[in-house]
*Asks:* 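Submitted below is the structure of interest, expressed as structure tokens.
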2 protein chains.
Amino acid sequence: MTEKIRLFLADDHQILIDGLVAVLKTNKLFEVVGYSLSGENLVDEVADKNIDVLIMDINMPGKDGIEVLKEFNSKGFSCNVIVFSSFDDIKLIKEVLQLGAKGYLTKQSAGENIIEAITTVYNGEEYYSKSVREKIFLSFTGKEKENDATNGQISPESITDRELEILKLISLEYSGKEISEALFISTNTVETHRKNLIKKLNVKTTVGLVKFALKHNLINQ
Amino acid sequence: MTEKIRLFLADDHQILIDGLVAVLKTNKLFEVVGYSLSGENLVDEVADKNIDVLIMDINMPGKDGIEVLKEFNSKGFSCNVIVFSSFDDIKLIKEVLQLGAKGYLTKQSAGENIIEAITTVYNGEEYYSKSVREKIFLSFTGKEKENDATNGQISPESITDRELEILKLISLEYSGKEISEALFISTNTVETHRKNLIKKLNVKTTVGLVKFALKHNLINQ
DNA sequence: TTTTATATCACTAAATTTAGTGATATAAAT
DNA sequence: ATTTATATCACTAAATTTAGTGATATAAAA
């Protein structure tokens, strides 16, 4: 009898975990060894339990998926990670793959895909869901639209650190001048960042920026 | 043999649907008649298929859960709806319950909860997951954290209908001129309302207005 | 090595928002 | 009958945002 593929799940929604477990139970090849509702202690737990494949969400409270991937790298520990996200913008895809993820599935994917993804990744290959493959191909051929995301969602990860900093201050009702004073830069620079954010996030005005910041919990309240 | 409880699911994440189906399959009482990845045509489909319980996400592209509930009401068609959301703020809970939802589950809930929720709601009672019950209780006893860490403590009720109308349009990225055209009033009037709102809500700029609107679920993100 | 991404700043011009004051009309409340 | 709340509009002036273009420096990636 062959060994089962040892799986670990990480997602902040318990119901999704329960659903995944139910789906994966239908396949005798798999054994779900455990799961986590956040990224905290995830790396150590995966290392301890001799996990073959980790299926992990990006957007988690506390420590997010990106940080977990970085921790794997810094600790010199490698694991077959399948990233599992609601977002599918090309920058996020690129980032997680560069950080060593072996697969990328959107939550829009069907349950069979995850089974295929696990077996593929377990056998040393990489796996991307259809929309992700298309994104990668379009990016390769240089045909991709700026900041496209088929589901209309852009992840906060596609924002640079400086932009994020400015976005937060904007959302705290700072004016351009106040931001420039707080960050010791010119108001011209602040407004350039604002313009770039408006373009990048595909909104019309500052109002749209604030809604984005709130939606993604970039600020409190 | 008793009839099975006829279920319909609505969520924009296919994997969550697949997971729910797998979870629900373990119970002989249920039959998942169908599912939808958006709110479009949901009301008609549910009406056609003689559904007992609809399990529905709020955040869906196209037509969201709030709109679906409103459509149920306007078409005079009632259905046992269990709302199924990542969010659990009291305003949203209140809104969906006032719109006639019979249950409210957060996605942080476990799979067993949904089974309990379905049977409860099917038997004519209401069902709320633990964190939701706590929120409702705290709100009832007046012990809930007041909507704003600031000292303003302004409730949406202190806003007039007209101001609310304008606040919503502002939050949808309408400019003053666009609002004036939408409501057939002068831009002067729009700006007066904006000024009064800024004073009344004790914020500094339009950004503060938008945050207030989002916090109190005056608009759908 | 060349390209790309990021962060910085300048300049212009138009549009919009903020912040006042003040006025009118209507309906509801005291 | 008088006050209060609401909704409407006008006018002015300053501040801010939006929308372009264009430029420089640096670091990272291809």
Side-chain angles (χ1 to χ4, degrees), chain A residues 70 89-100 136 139-142 144 146-147 154 156-213, chain B residues 154-213:
Chain A
K70 286 178 180 166
D89 70 271
I90 190 70
K91 297 203 72 167
L92 181 62
I93 295 170
K94 188 181 251 179
E95 182 168 19
V96 302
L97 296 186
Q98 283 172 340
L99 286 172
I136 293 171
S139 172
F140 179 70
T141 57
E144 91 279 24
E146 277 272 321
N147 278 304
I154 293 165
E157 278 78 19
S158 69
I159 300 172
T160 68
D161 290 347
R162 196 55 157 171
E163 283 170 347
L164 187 62
E165 208 168 355
I166 280 152
L167 178 52
K168 283 178 182 174
L169 293 177
I170 287 175
S171 305
L172 292 172
E173 296 192 66
Y174 280 54
S175 70
K177 196 184 168 200
E178 288 171 329
I179 294 172
S180 77
E181 283 160 0
L183 301 181
F184 305 103
I185 55 178
S186 118
T187 59
N188 295 311
T189 306
V190 174
E191 297 309 327
T192 298
H193 284 305
R194 191 200 299 264
K195 270 182 293 192
N196 291 337
L197 280 165
I198 286 175
K199 248 190 207 160
K200 196 178 262 193
L201 300 181
N202 198 31
V203 296
K204 287 167 66 185
T205 63
T206 298
V207 168
L209 297 181
V210 178
K211 286 163 74 176
F212 179 89
Chain B
I154 308 296
S155 76
E157 285 73 31
S158 69
I159 300 172
T160 69
D161 290 348
R162 196 53 157 175
E163 283 170 348
L164 187 62
E165 208 169 354
I166 279 153
L167 178 52
K168 283 181 182 174
L169 293 177
I170 287 174
S171 304
L172 292 172
E173 294 192 68
Y174 280 53
S175 70
K177 196 184 166 201
E178 287 171 329
I179 294 172
S180 77
E181 283 160 1
L183 301 181
F184 304 105
I185 54 179
S186 121
T187 58
N188 295 311
T189 307
V190 174
E191 296 310 327
T192 298
H193 284 305
R194 192 199 299 263
K195 271 182 293 188
N196 291 336
L197 280 165
I198 286 176
K199 250 190 205 161
K200 197 179 263 192
L201 300 181
N202 197 30
V203 295
K204 286 167 65 185
T205 63
T206 298
V207 168
L209 297 182
V210 177
K211 286 164 74 177
F212 180 89

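Here is the naming used below: chain letters follow the sequence lines, and residue numbers restart at 1 for every chain.
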*Asks:* Calculate the interatomic distance between B:K199 atom NZ and D:dT6 atom P; express it in whole Å.
*Replies:*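 After rounding, the gap between these two atoms is 14 Å.
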*Asks:* Flag the pair B:L209 / A:V207 as yes when at least one side-chain heavy-atom distance between them is below 4.5 Å, and no otherwise.
*Replies:*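 Sidechains of A:V207 and B:L209: no contact.
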*Asks:* Could you check whether any side-chain N or O of B:K211 sits under 3.5 Å from a backbone N or O of A:S171, counting only pairs where one atom can act as donor and the other as acceptor?
*Replies:*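 Yes, because the side chain of B:K211 sits within donor-acceptor range (under 3.5 Å) of the backbone of A:S171.
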*Asks:* Using modelled atom types only, decide if a donor and an acceptor are shared between the side chain of B:E173 and the backbone of A:T205 within a distance under 3.5 Å.
*Replies:*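 Between the backbone of A:T205 and the side chain of B:E173 there is a qualifying donor-acceptor contact (under 3.5 Å).
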*Asks:* With side-chain contact (heavy atoms from CB on, under 4.5 Å) as the test, would you mind laying out the steps for A:L201 and A:I159 before giving the verdict?
*Replies:* CA-CA 9 Å; A:L201 300 181; A:I159 300 172; 4.1 Å; yes
*Asks:* Please report the shortest heavy-atom distance between B:G176 and B:T187, naming the atom on each side.
*Replies:*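 Shortest heavy-atom separation between B:G176 and B:T187 comes out as O-CG2, 4.3 Å.
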*Asks:* Output the rounded distance in Å from NZ (A:K200) to P (C:dA5).
*Replies:*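 Computing the A:K200:NZ to C:dA5:P distance gives 10 Å.
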*Asks:* Run the side-chain contact (heavy atoms from CB on, under 4.5 Å) test on A:N196 and A:R162 for me, step by step, so that the C-alpha distance in whole Å, both residues' side-chain angles and the decisive distance to 0.1 Å come before the verdict.
*Replies:* CA-CA 11 Å; A:N196 291 337; A:R162 196 55 157 171; over 6 Å; no
*Asks:* Between B:V190 and B:L169, does the side-chain contact (heavy atoms from CB on, under 4.5 Å) criterion hold? Intermediate values first, please.
*Replies:* CA-CA 11 Å; B:V190 174; B:L169 293 177; over 6 Å; no
*Asks:* Rounded to the nearest 0.5 Å, how far does NZ of B:K200 lie from CD1 of B:I198?
*Replies:*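 Output value for this atom pair is 13.0 Å.
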*Asks:* Would you say a side-chain N or O of B:H193 is under 4.0 Å from OP1 or OP2 of D:dA7?
*Replies:*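 Checking D:dA7 against B:H193, no side-chain N or O comes under 4.0 Å of OP1 or OP2.
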*Asks:* With heavy-atom distances below 4.5 Å as the criterion, would you say the side chains of B:L197 and B:F212 are in contact?
*Replies:*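 No. Closest side-chain heavy atoms not under 4.5 Å.
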*Asks:* Can you give one letter per nucleotide of nucleotides 10-19 of chain C, 5' to 3': B if a protein heavy atom sits under 4.0 Å from the base, S if only from the sugar-phosphate, - if neither?
*Replies:* BB----SSBB
*Asks:* Can you check the A:F184 CZ to C:dT8 P distance for me, whole Å?
*Replies:*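 Between P of C:dT8 and CZ of A:F184: 13 Å.
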*Asks:* Stems in DNA chain C: runs of 3 or more consecutive Watson-Crick or G-U pairs, distances under 3.5 Å?
*Replies:*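 The stems are C:1-30 with D:1-30.
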*Asks:* Taking protein heavy atoms under 4.0 Å as touching, what does nucleotides 24-30 of chain C look like 5' to 3' if B marks base contact, S marks sugar-phosphate-only contact and - marks none?
*Replies:* -------
*Asks:* Using atom CG of A:L97 as one end and atom P of D:dA30 as the other, report the distance to the nearest whole Å.
*Replies:*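 So the CG-P distance, A:L97 to D:dA30, works out to 13 Å.
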*Asks:* In whole angstroms, how far is the P atom of C:dT6 from the CD atom of A:E163?
*Replies:*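 A:E163 atom CD is separated from C:dT6 atom P by 7 Å.
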*Asks:* Output the distance between atom CD (B:E163) and atom CG (B:D161), rounded to the nearest 0.5 Å.
*Replies:*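 B:E163 CD to B:D161 CG: 9.5 Å, rounded to 0.5 Å.
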*Asks:* Any chance you could lay out the side-chain contact (heavy atoms from CB on, under 4.5 Å) test for B:Y174 and B:L183, step after step, and finish with the verdict?
*Replies:* CA-CA 12 Å; B:Y174 280 53; B:L183 301 181; over 6 Å; no
